[in-house]
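Here the structure comes first, spelled out in structure tokens, and everything after it is commentary.
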Amino acid sequence: MTKRALITGVTGQDGMYLSRLLLSKGYEVYGLVRGQNNPKIPVINEWAPEVKILTGDLLDQSSLLRALNSSKPDEVYNLGAISFVAYSWENAQLTSQVTGLGVLNILEAIRLYAGDDIGKVRFYQASSSEMFGRVQEVPQKETTLLWPRSPYGVAKVFGHYMTINYRESYGMHASSGVLFNHESPLRGPEFVTRKISVAVARIALGLQDQLSLGNLDAKRDWGFAGDYVEAMWRMLQQDEADDYVISTGETYSVRQYLDIAFNHVGIADWEKHVFQDPQFFRPAEVDLLIGDSTKARETLGWKPAVSFEELVTMMVDADMAREKSAQGK
Ligand code: GDD
């Protein structure tokens with residue numbers, strides 16, 4: 001029987017990779033998209049034309065119920081959120097509503113939809129390493145105490161515990177993936193890795209000279225998004241729902257990312273192009289983020305395939321190609 005999946009946040013980086021993964025496995029894929037004339041609809045249509053688009057909003061529970069009724073999913077992946085950490089200080093309430101309360105809205109919609117047959121829908125919640133914030137141990141694992149350091153992180157903690165609560169209260173097959181940073185050429189340009197890869201390509205091509213950034217010493221455990229969506233799917237194939245940390249177990253600074261990216265295009269003295277601008281510093285920064293994904297590796301048989309260096313060069317190459325083709329037009 002053909003399995004059906006509903007993805008919220010289908011137009012984001014992870015939604016796009018996940019939709020292709022599920023389609024390749026023979027799933028019928030439905031994507032929830034927000035708003036009238038959403039400009040991202042043509043993007044997902046081109047990326048994966050087989051994805052069936054439904055409109056709805058994580059803040060509108062009746063729209064979620066309608067989406068469940070029309071897609072009749074075996075699996076729901078909740079990837080929809082306001083996901084830019086820096087923005088969350090300026091929009092703390094909206095972030096709490098969409099990124100936090102939105103999780104409760106979809107969980108409750110699934111419970112109402114499934115009725116007595118709560119096991120018929122499996123649920124994945126996109127939790128985040130941002131929940132560890134002021135880290136209480138290094139590396140961080142599933143049992144590490146959460147101490148979020150941004151409104152976004154606080155909202156993710158709410159969604160994380162609500163997912164666990166629905167699993168424990170109603171026996172829902174609800175799993176939470178605590179994903180460390182994961183990047184790709186599809187990453188939005190507001191995130192630091194893509195901001196750098198776009199600028200490096202443009203500087204190499206003589207289209208730009210300077211790049212303004214915030215804290216160059218911030219360190220992250222950075223993986224490839226294409227590897228991480230595989231872990232999401234594997235979680236929902238387990239007999240028992242559970243929570244898993246997904247990470248590479250390696251950590252690098254923004255400065256190291258810059259070094260590999262610039263050297264890849266033959267610019268060794270890159271420091272003359274990079275400036276630190278106070279507007280890109282955050283009111284509070286998370287500490288050393290580095291994940292211990294032993295549980296996922298042992299239980300799910302998952303491990304990342306793309307190394308940090310491969311990730312950086314993949315992103316720079318993709319932006320070089322994009323910039324060249326834009327110039328050619
Ligand atoms: N965005 C950005 N822009 N970040 C900068 C800049 C800049 O100009 N300069 C330095 N940084 C530093 C930030 O201070 C942060 O420490 C680090 O680069 C990474 O920032 P982001 O790429 O914006 O990602 P993030 O770590 O805050 O959040 C991402 O990862 C989380 C998982 O831990 C997002 O994808 C979240 O949605 C996700 O949950």
Side-chain angles (χ1 to χ4, degrees), residues 9 12-17 78-91 95 98-100 102-103 125-135 139-140 144 146-160 176-184 186-200 210-225 228-229 231-232 245-259 261 273-291 293 308 311-312 315:
Q13 163 191 267
D14 293 5
M16 290 174 74
Y17 279 109
N78 186 39
L79 312 184
I82 293 183
S83 64
F84 187 36
V85 176
Y87 175 88
S88 75
W89 276 276
E90 286 156 38
N91 297 274
T95 303
V98 177
T99 305
V103 185
Q125 167 58 17
S127 286
S128 162
S129 56
E130 192 66 16
M131 301 189 306
F132 294 121
R134 189 165 171 183
V135 302
Q140 296 87 49
T144 303
L146 305 178
W147 195 311
R149 294 262 285 168
S150 62
Y152 167 84
V154 173
K156 280 289 179 188
V157 170
F158 177 88
H160 181 68
S176 174
V178 184
L179 268 54
F180 281 63
N181 295 49
H182 44 289
E183 320 292 313
S184 77
L186 301 182
R187 192 59 144 147
E190 65 276 33
F191 297 97
V192 77
T193 53
R194 184 75 202 293
K195 185 173 171 182
I196 295 172
S197 65
V198 170
V200 166
Q210 294 185 357
L211 166 61
S212 295
L213 292 169
N215 181 7
L216 304 189
D217 297 313
K219 285 184 140 190
R220 287 292 188 281
D221 178 331
W222 270 302
F224 171 52
Y228 285 36
V229 297
M232 299 176 185
V245 161
I246 302 298
S247 64
T248 68
E250 292 174 14
T251 189
Y252 295 92
S253 64
V254 172
R255 203 179 286 282
Q256 285 170 298
Y257 187 101
L258 283 162
D259 202 43
H273 296 287
V274 176
F275 295 87
Q276 285 188 283
D277 182 336
Q279 71 164 303
F280 297 116
F281 283 80
R282 299 179 177 182
E285 185 63 89
V286 302
D287 295 326
L288 179 58
L289 280 185
I290 175 163
S293 55
F308 179 66
L311 174 67
V312 180
M315 292 181 70

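Note that these values count all heavy atoms, side chains included, but never hydrogens, waters or copies made by symmetry. Computed from a predicted structure; not experimentally measured. Each ligand, and each atom within it, is numbered from 1 in the order the structure gives.
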Nearest heavy-atom pair of [X] and [Y]: which atoms, and what distance?
X    : Y    : value
I246 : A231 : CD1-CB, 3.6 Å
A81  : T99  : CB-OG1, 3.8 Å
Y257 : S197 : OH-CB, 4.1 Å

Any idea how F308 and W222 line up, ring-wise: parallel (<30°), tilted (30 to 60°), or perpendicular (>60°)? parallel
Ring-plane angle category for Y17 and F224, please: parallel below 30°, perpendicular beyond 60°, tilted otherwise.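 Rings of Y17 and F224: perpendicular, as their planes differ by over 60°.
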Just to be sure I read this right, does ligand 1 sit under 4.0 Å from the backbone of [X], its side chain, both, or neither, counting only heavy atoms?
X    : result
H182 : neither
K195 : side chain
V254 : side chain
V192 : both

Give, for atom [atom1] of [X] and atom [atom2] of [Y], the distance between the pair rounded to the nearest 0.5 Å.
X    : Y    : atom1 : atom2 : value
K156 : S83  : NZ    : OG    : 7.5 Å
L213 : D277 : CG    : CG    : 9.0 Å
H160 : Q125 : NE2   : CD    : 9.0 Å

Within-cut-off N or O pair, T193 and ligand 1, under 3.5 Å: no
Under 3.5 Å between some N or O of ligand 1 and some N or O of L216?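 No; every N/O pair is 3.5 Å or more apart.
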Regarding [atom]: of the candidates [options], which has the closest heavy atom?
atom                    : options              : answer
atom 21 (P) of ligand 1 : R282, R220, R194     : R282
atom 33 (O) of ligand 1 : S129, S88, S83, S247 : S129
atom 38 (C) of ligand 1 : Y152, Y87, F281      : Y152

Backbone N/O of F281 and side chain of N215: donor-acceptor pair under 3.5 Å: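 Not confirmed, N215 side chain does not pair with F281 backbone.
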Does Q13 use its side chain to pair, donor to acceptor, with the backbone of A225 at less than 3.5 Å?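 Side chain of Q13 to backbone of A225: no pair is present.
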Whether K195 and E183 form a salt bridge (side-chain N of Lys/Arg under 4.0 Å from carboxylate O of Asp/Glu) is what I want to check. no
Do the side chains of D14 and M232 get nearer than 4.5 Å, heavy atoms only? yes
For atom 24 (O) of ligand 1, what's the nearest protein heavy atom and its distance?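 Of the protein heavy atoms, N181 ND2, 3.6 Å lies nearest.
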Among all protein heavy atoms, pick out the one at the shortest distance from atom 1 (N) of ligand 1; state its residue, atom name and that distance to 0.1 Å. E190 O, 2.9 Å
Run the numbers for me: atoms of ligand 1, each under 4.0 Å from some heavy atom of [X], listed by number.
X    : result
E130 : 33 (O)
F280 : 8 (O)
S128 : 31 (C), 32 (C), 33 (O), 38 (C), 39 (O)
A218 : 16 (O)
F84  : 1 (N), 23 (O)
E285 : 13 (C), 14 (O), 15 (C), 16 (O)
R187 : 29 (C), 34 (C), 35 (O)
V85  : 27 (O), 28 (O)

Looking only at heavy atoms of M131, does any of them come nearer than 4.0 Å to an atom of ligand 1?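 It does not, in that no heavy atom of M131 comes within the 4.0 Å cut-off of ligand 1.
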